[in-house]
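Everything on this sheet refers to the single structure shown next.
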2 protein chains.
Amino acid sequence: MTSFFDTDNLHQHISKQYDHELLDIRNRVLTLGGLVEEQVESAVTALVNNDVELAERVIADDYKVNSLEVSIDEECTQIIALRQPTARDLRLVVAVIKTITDLERIGDEAKRIARLSIDLASHYPKKNQLTEVEQLAKNVRGLLREALDSFARMDVDEALRVVQGDRMVDREYESIIRQQITYMMEDPRAIPVSLDIMWSARSLERIGDRSCNICEYVIYYAKGKNIRHISLEQVEKDLRET
Amino acid sequence: MTSFFDTDNLHQHISKQYDHELLDIRNRVLTLGGLVEEQVESAVTALVNNDVELAERVIADDYKVNSLEVSIDEECTQIIALRQPTARDLRLVVAVIKTITDLERIGDEAKRIARLSIDLASHYPKKNQLTEVEQLAKNVRGLLREALDSFARMDVDEALRVVQGDRMVDREYESIIRQQITYMMEDPRAIPVSLDIMWSARSLERIGDRSCNICEYVIYYAKGKNIRHISLEQVEKDLRET
């Protein structure tokens with residue numbers, strides 16, 4: 001009996017440590033998410049305020065995002081090798097590996113926006129030229145925030161709302177592109193400013209797409225379903241039926 | 001003895017099947033790679049020849065890339081769950097999971113180029129306006145080819161050559177952007193054509209970046225080193241020392 005009891009204790013101990021490791025990678029994803037959110041916020045502030053110093057700080061801080069991503073990635077591979085997770089635990093680890101890739105790439109987009117804002121500042125844009133892109137940035141940051149929330153709570157309904165919200169962001173992005181083309185054709189001197197605005201809008205739109213990717217991993221974790229490449233309508237129908 | 005012999009046979013049998021599974025995911029990555037290469041080639045042909053029909057076929061065929069990627073992804077998760085790979089085998093499965101994500105996104109860029117080529121065709125561009133983007137496409141397709149070769153043979157030296165080659169592609173891309181800005185400023189009527197060329201060049205440059213990502217996974221598999229976010233000079237130095 002004693003031997004059995006000991007083994008049981010040992011199993012419980014290992015199991016607790018394993019649970020702790022799974023909790024830890026989830027928490028570290030949220031730390032990375034918070035860091036990436038800050039980078040996006042600073043990059044957008046630098047863009048709309050022509051703040052070159054802030055933009056340079058975003059570029060310099062990108063390494064923090066990269067090294068945290070690499071470290072979480074290594075932790076995930078360690079967990080797979082040592083704990084040999086299956087079912088739901090394995091889905092969590094796979095979801096984490098994929099989520100951090102998207103977060104790191106969102107960090108890259110923030111760096112791109114920061115670089116564009118340095119170029120833009122040299123063209124002295126008028127404040128009102130940036131109103132639409134500022135609005136787009138606000139909505140995209142909202143999507144990223146909600147995507148991270150849905151990850152934190154593994155909340156499928158919230159994840160679906162993000163995918164839905166991204167459609168509005170896509171329409172806003174297309175409207176900015178059309179508007180800037182009109183400006184450029186009316187006044188060729190506006191071309192450098194318009195191009196910086198277009199590229200920034202493009203980076204923001206990509207951040208929206210990547211926020212959706214994160215939501216897809218949340219649904220994959222919670223439901224065991226891979227919903228990539230399926231229309232939103234079909235996904236909602238499928239999930240209602242499960 | 002018989003019992004031992006039987007178990008041994010069983011282990012050999014399982015091990016052979018497992019080896020076969022690992023070989024199978026590697027082969028399927030190359031099938032996906034070949035499909036993605038075809039998509040990129042057709043999209044570029046559609047772009048330079050104003051071939052709307054071909055562009056529409058690229059867009060329609062994107063689902064093939066997506067479904068193959070999802071299927072390989074599921075096979076990888078199955079292998080992790082059932083075979084519990086460690087060390088080199090685990091690195092292979094992780095490298096495959098990451099490689100197919102990049103291949104699928106290269107497919108998305110091909111679809112983007114196809115869409116742009118449909119828009120471009122409506123503006124009747126002159127053939128010589130596309131010379132530089134055609135050259136860029138040729139070099140990018142070369143990078144993708146080499147990246148897939150380096151994956152097929154898990155060849156670290158070839159992988160490093162791709163990362164090096166991507167630098168030239170980046171310079172070519174920047175030169176196209178500068179050139180198109182000049183054209184646009186000289187003649188605002190050129191703006192729609194120039195923008196399509198710029199966005200296409202951007203997609204091609206992204207395909208180059210993603211080919212480099214694949215090479216980073218090859219190095220990760222072969223050397224167990226994560227070289228992302230490290231300068232090429234540092235990587236070459238590190239690899240010489242190992």
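Predicted, not measured: the structure shown is a model, and the values here were computed from it. In what follows, chains carry the letters A, B, and so on, assigned in the order in which the sequence lines appear, proteins first and then strands, with residues in each chain numbered from 1.
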Legend entry - Residue part contacting chain A, namely of Glu186(B), when any heavy atom lies under 4.5 Å: neither
Inset, instruction - Taking all non-hydrogen atoms of both residues into account, name the closest pair between Pro188(A) and Met185(B) and its distance. - result: O-CE, 3.8 Å
Legend entry - Part of Asp62(B) lying under 4.5 Å from any heavy atom of chain A: neither
Legend entry - Side chain to side chain, Ile191(B) and Ile191(A), heavy atoms closer than 4.5 Å: yes
Inset, instruction - Please test Leu195(A) against Ile181(B) for side-chain contact (heavy atoms from CB on, under 4.5 Å), starting from the C-alpha separation and ending with a verdict. - result: CA-CA 9 Å; Leu195(A) 282 176; Ile181(B) 294 177; 3.4 Å; yes
Legend entry - Contact class of Asn226(B) relative to chain A, heavy atoms under 4.5 angstrom: side chain
Inset, instruction - Output yes when Asp73(A) and Lys98(B) qualify as a salt bridge under the 4.0 Å nitrogen-oxygen rule, no when they do not. - result: yes
Inset, instruction - Would you mind checking which part of Leu82(A) comes under 4.5 Å of any heavy atom in chain B, side chain (CB onward), backbone (N, CA, C, O), both or neither? - result: neither
Inset, instruction - Under 4.5 Å heavy-atom distance to chain B, tell me which part of Asp102(A) shows up: side chain, backbone, both or neither. - result: side chain
Legend entry - Contact class of Arg105(B) relative to chain A, heavy atoms under 4.5 angstrom: side chain
Inset, instruction - First locate atom CG of Leu90(B), then atom CD of Gln84(A), and finally report the distance between them rounded to the nearest 0.5 Å. - result: 9.5 Å
Legend entry - Residue part contacting chain A, namely of Arg91(B), when any heavy atom lies under 4.5 Å: neither
Inset, instruction - Please round to the nearest 0.5 Å and tell me the distance separating atom CD1 of Ile80(A) and atom OG1 of Thr86(B). - result: 11.5 Å
Inset, instruction - Go through the atoms of Asn213(B) and report whether side chain, backbone, both or neither lie under 4.5 Å from a heavy atom of chain A. - result: side chain
